There are 2 protein chains.
Amino acid sequence: MTSPEKATATVGRKRNHKLDEAILESAIDILAEAGFDGMTMDMVSTQAKVGKATVYRRWSSKAELVRDAMVHMSRNSLNIEHLPDTGTLRSDLMALLKPHSLEYSERKLKVLAGLGSFYAGYQEIAEDAMQGIFEPWSVLNRTLMLRAQERGEISPQADIDMACEIIVAMVTYHSRIEHRVFSKEDYATLLDHILLPALKHAEG
Amino acid sequence: MTSPEKATATVGRKRNHKLDEAILESAIDILAEAGFDGMTMDMVSTQAKVGKATVYRRWSSKAELVRDAMVHMSRNSLNIEHLPDTGTLRSDLMALLKPHSLEYSERKLKVLAGLGSFYAGYQEIAEDAMQGIFEPWSVLNRTLMLRAQERGEISPQADIDMACEIIVAMVTYHSRIEHRVFSKEDYATLLDHILLPALKHAEG
DNA sequence: ACATAATTACGATACATTATAGTTTCGAAA
DNA sequence: TTTCGAAACTATAATGTATCGTAATTATGT
């Protein structure tokens, strides 16, 4: 439930539901910056330019707000466009990269990395959000690799799942740990030096 | 610096340096259980069976204690004494991991998974800690790979630096994002399916 | 050699400071 | 009659400091 429900009163001033979104967006911003424990309700209400009572009128606790903010964030996952078909796996994978930069999902990665203690109480929700963010990209990569496998470009024994996992792992590692963007050149190097040789020469 | 230094006074009662270790071990235990924000200095001193002043006499802040605890933790999970020399790169790399440290490395990954707000609030110290954990391991991995390269087991064009980076990236990704353990078996799979084939068949 | 003073570490605990979740109150607006 | 922003307020919790009586160690005096 991304927007809080409330038996709408028939009389009195109407609730401004645009504030729901403003609050959720602010929560995500601050989660990305400071993590779950670093986020305070005062920071959220200040950045959303609403009173704190307005936040608590919609969500009765910080945990519930964060839970809904994560679901809200996952909803705007990248849209699947048409699959590239250039003839080689390398250029297929690179072509998939072109539309959206790798730093596009930077904020989402930061949010997930800063979830810390929130995981303890809401592990399922957090993992759902994580999947919503990475699955689409991994699915596309996996599809392209499977196609390459079918046409004999890579080995029948190739570990496609792990290759996809390495891609995501390297992007998150560079953005969160090394604090530099995993550029398109880095991505090409990863493909040329490691992943493509491994996929081509995998043995039983 | 895993043990705090202090200009040893010539008079007075001597410091009991066994308490240093007790405090660090307690810190790791609690970090694994509760994460950075869930760990309190009172919990540490209680579990270590020392007074809180004894903790603060050695570390002037929680962040510094956590940093040293992490470095201490990583020291005990590697065989830094002797470089393995088993004849093959695969068993060399595997031998580098301590044989009976499965539970220990699980605890280690739990610790890493609970560090979210440590990164957010103490970025510089947290990065020192991460470097203290992974740098020794990467150095050893690189050395073993270079040796394998010299004896012709892997290609002269092998991208050793990126291979080492992938290892660290996968460990941190699994612990901090996916929140599941990157086990010894996972590590073996990474080597067998991706890294070793890539290193052996790398081309210009 | 022995006693005593000086000095430091120790565990325990009280304290001070600060931070934050959550509540309530206010006047204004719809 | 209800929502709004703003802000005061309460309750709680944790970091870091200070105090206290005691134990360990060294220096000094006899």
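Values below: all heavy atoms of this structure, side chains included; hydrogens, waters and symmetry mates excluded. As the structure is a prediction and not an experimental result, all values here were calculated from the model. Residue numbers begin at 1 in each chain, while the letters A, B, ... track the order of the sequences.
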Quickly work out the A:F36 CZ to C:dT20 C1' distance and round it to whole Å. 12 Å
Looking just at side-chain N and O atoms, do B:S60 and B:E64 make a donor-acceptor pair shorter than 3.5 Å? yes
Take atom CD1 of B:I23 and atom P of C:dA9, then tell me their distance rounded to the nearest Å. 13 Å
What is the separation between atom CZ on B:R57 and atom C1' on D:dG16, rounded to the nearest whole Å? 14 Å
Sorted by position of nearest nucleotide on DNA chain D, 5' first, the leading residue of B:K14 and B:M41 is B:M41
B:I30 has an atom CD1; how far is it from atom P of D:dA14, in whole Å? 12 Å
Roughly, in whole Å, what's the span from CG in A:N16 to P in C:dA29? 16 Å
With distance as the sole criterion, do the side chain of A:K52 and the base of C:dG22 form a donor-acceptor contact below 3.5 Å? yes
Between atom CZ in A:R15 and atom C1' in C:dA29, what is the gap in whole Å? 16 Å
Quickly work out the A:Y56 OH to D:dT10 P distance and round it to whole Å. 17 Å
Among C:dT7, C:dG11, C:dT25, the one nearest B:V50 by side-chain distance: C:dG11
Could you check whether atom CD of B:Q149 has more than 12 heavy atoms from other residues, nucleotides or ligands sitting under 6.0 Å from it? yes
Residue whose closest nucleotide on DNA chain C lies nearer the 5' end, A:M43 versus B:A48: B:A48
Within 6.0 Å of CD in B:Q157, more than 12 heavy atoms from elsewhere: yes
Take atom CG of A:D37 and atom P of D:dT12, then tell me their distance rounded to the nearest Å. 20 Å
Is there, by distance only and without an angle test, a donor paired with an acceptor across the side chain of A:R13 and the base of D:dT3 below 3.5 Å? yes
Before accepting this row, confirm whether a basic side-chain N of the pair B:D68/B:R58 lies closer than 4.0 Å to the acidic partner's carboxylate O. no
Under 4.0 Å, counting only non-hydrogen atoms across every strand here, what does B:S61 touch: a base, just sugar-phosphate, or nothing? sugar-phosphate
Using only side-chain N and O atoms of B:T40, determine if any of them is under 4.0 Å from OP1 or OP2 of D:dA14. no
Determine whether more than 12 heavy atoms belonging to other residues, nucleotides or ligands lie under 6.0 Å from atom CD of A:Q47. yes
Sorted by position of nearest nucleotide on DNA chain C, 5' first, the leading residue of B:G12 and B:L19 is B:G12
Under 4.0 angstrom between B:K62 side-chain N/O and D:dT15 OP1 or OP2: yes
